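Notes to accompany the following structure.
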Amino acid sequence: MAVLYLDHAASAPADARVAAAMAECLTDPQSAGNAVADHGFGRRARERIEQARAEVAGLIAAPADSVLFTSGATESVNLALLGAVRATTSPARHVITSRTEHRAGLGACAQLEREGVAVTYLTPARDGRIQAQDVLAAVRADTVLVSLMLVNNETGVRQELGGLGSELQARKILLHLDAAQGAGRVPMDVTALGADLMSLSAHKIHGPTGVGALYVRRRPRPALAPLAHGGGQEGGLRPGTPATHQIVGMGRAYALAAELFAGESARLFELTERLWRGIAPLGGIHRNGHPTQRAPHILNVSVEGVDGESLIAGLDALAVSSGAACGAGSDQGSYVLRAMGHDPQLARASLRLSLGRGSTFEEVDAAIGIIAAEVRRLRALAPRVQLG
Amino acid sequence: LPQKSAASGRWRPGFSLAEPLSAPAQDLFRRTPRAGHGGPGWARGAALDPLTGAELCWHWRVSEGTIAAAQYAVRGCPYLIAAAALAAERLEGQPAASPRLDLAALARAIGAPAEKLGRLFVIEDAMQAAAASQRPARS
């Protein structure tokens with residue numbers, strides 16, 4: 001049985017052009033050197049890395065030397081949060097984040113709490129948005145960092161930060177944005193956003209897994225304590241031999257994302273709207289998150305009258321993520337949707353449908369048919385009188 | 001196995017991200033034999049698990065004190081649905097006022113993981129409710 005892949009927010013299959021660039025790098029004997037070596041082989045590898053750095057920086061309108069490569073967005077988020085807070089000398093330290101962050105951010109905050117750092121977790125509005133004034137209201141005298149997702153990985157909600165960055169800069173508070181889901185999907189200009197730090201992923205936009213990047217503002221440059229120690233690569237913040245072919249792949253993915261941005265964003269927005277229009281007539285379908293202030297590739301819905309696990313099991317012709325799966329091992333459902341104030345049963349019966357470069361109108365129409373059939377089957381199976 | 005799209009030439013993963021069900025559970029979940037809402041005069045008993053929202057309603061056609069046909073309406077996880085289908089088969093022929101089900105045996109038969117056993121309690125609770133309706137009322 002062919003399975004339709006609607007889980008690009010989890011990982012978007014590498015673009016063939018990305019794979020070709022990586023293969024070419026891996027098989028080019030002239031690039032086989034360690035990028036820190038002084039000979040020609042090292043220089044060639046270094047040139048490839050610097051080109052990729054410029055390509056990544058280009059997508060977020062940043063100077064190339066403000067981007068450092070990591071193993072992925074999770075490492076970037078950890079380096080940003082742990083690195084920035086550990087680099088401060090003040091004994092009292094406070095961080096502001098939200099309850100709907102990716103587990104990478106929540107995990108890093110939990111570690112900071114174990115290290116004695118106070119953390120405020122903001123609750124978003126029912127549509128998933130965090131208001132800038134709520135962030136500012138949570139600021140304390142000892143606040144050193146605010147960390148927010150630019151685009152939520154479950155709902156696709158895009159945070160409108162307004163002048164938050166400049167307000168925080170005026171207070172000498174760092175702003176970290178987790179843009180793993182936002183890069184290549186929504187317009188991004190780090191200066192306009194006022195970000196001091198920004199975490200990026202490659203495989204969310206058709207690049208390879210195993211590589212990511214962290215933007216670190218050039219001036220004023222935030223102090224960061226490295227998570228690992230050894231070599232002086234990546235400004236001493238990420239020691240270790242750079243994975244040249246992975247970095248080349250990320251660079252190519254970002255260059256393609258920049259090149260295709262306008263057309264791809266509009267097409268994905270249209271596709272997710274088509275998906276919504278196709279399943280909404282089933283009735284009892286709730287769209288989760290702000291309907292327009294969102295990344296174009298994600299649609300998150302909750303389905304009334306069905307169990308989340310059964311829904312996902314019944315949709316085995318689709319590769320999707322579910323609120324039930326997100327809470328694997330618990331009956332609580334998606335913590336993101338619950339934080340947004342949604343009913344726990346609906347949080348469990350939620351689907352994240354995320355599209356990508358290869359998604360087509362035909363696939364979307366097929367997915368609508370599959371979802372409709374399964375929802376009708378499960379609802380027909382249920383008791384006709386609501387108990388409890 | 002991965003599939004190559006004829007249209008785009010791109011490879012797509014040939015697997016679902018959903019947690020795989022055991023083969024017997026998958027079969028029963030898909031076919032749901034004996035699912036139904038009963039008919040006029042059928043005995044009925046229902047139960048709800050408020051924690052998970054799972055609910056199950058038994059519908060029995062009772063003939064001379066015996067469950068002649070058992071149907072179920074259910075909302076819950078795939079293992080609950082599969083177990084209800086198997087339980088319906090096992091209930092047929094049993095005395096309607098005092099039927100017995102071995103939930104652990106049901107769970108084993110459908111290959112349900114141990115942590116799912118608690119999800120199956122509504123089968124028993126609903127059975128007891130239906131059975132109670134078949135016992136003479138005490139004055």
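Per chain, numbering begins at 1; letters A, B, ... match sequence-line order. Just so we're clear, the structure is a prediction, and the values are computed from it rather than from any experiment.
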Q | Top contributor to chain B contacts, counting heavy-atom pairs under 4.5 Å, from Asp307(A), Val306(A), Leu311(A) | A | Asp307(A)

(Q) Other residues, nucleotides and ligands only: do more than 12 of their heavy atoms fall within 6.0 Å of CD on Glu64(B)? (A) no

Q) Any chance CZ of Arg126(A) has more than 12 other-residue heavy atoms, nucleotides or ligands included, within less than 6.0 Å? A) yes

Q) Nearest heavy-atom pair of Asp316(A) and Gln26(B): which atoms, and what distance? A) OD2-NE2, 3.2 Å

Q: To the nearest 0.5 angstrom, please state how far the NZ atom of Lys116(B) sits from the CD atom of Glu309(A).
A: 3.5 Å

Q. Which heavy-atom pair separates Gln345(A) from Leu51(B) by the least distance, and what is that distance?
A. NE2-O, 3.8 Å

(Q) Between Glu374(A) and Arg30(B), does any side-chain N to carboxylate O distance fall below 4.0 Å? (A) yes

Q.
Taking CZ in Arg31(B) as the centre, count heavy atoms belonging to other residues, nucleotides or ligands within less than 6.0 Å. Is the count above 12?
A. yes

Q | Arg379(A) portion near chain B, given a 4.5 angstrom heavy-atom threshold | A | neither

Q: Mind listing the closest non-hydrogen atom pair of Pro78(B) and Ala313(A) along with its distance?
A: CG-CB, 3.5 Å

(Q) Tell me the closest heavy-atom pair linking Ala380(A) and His37(B), and the distance in Å. (A) O-NE2, 3.0 Å

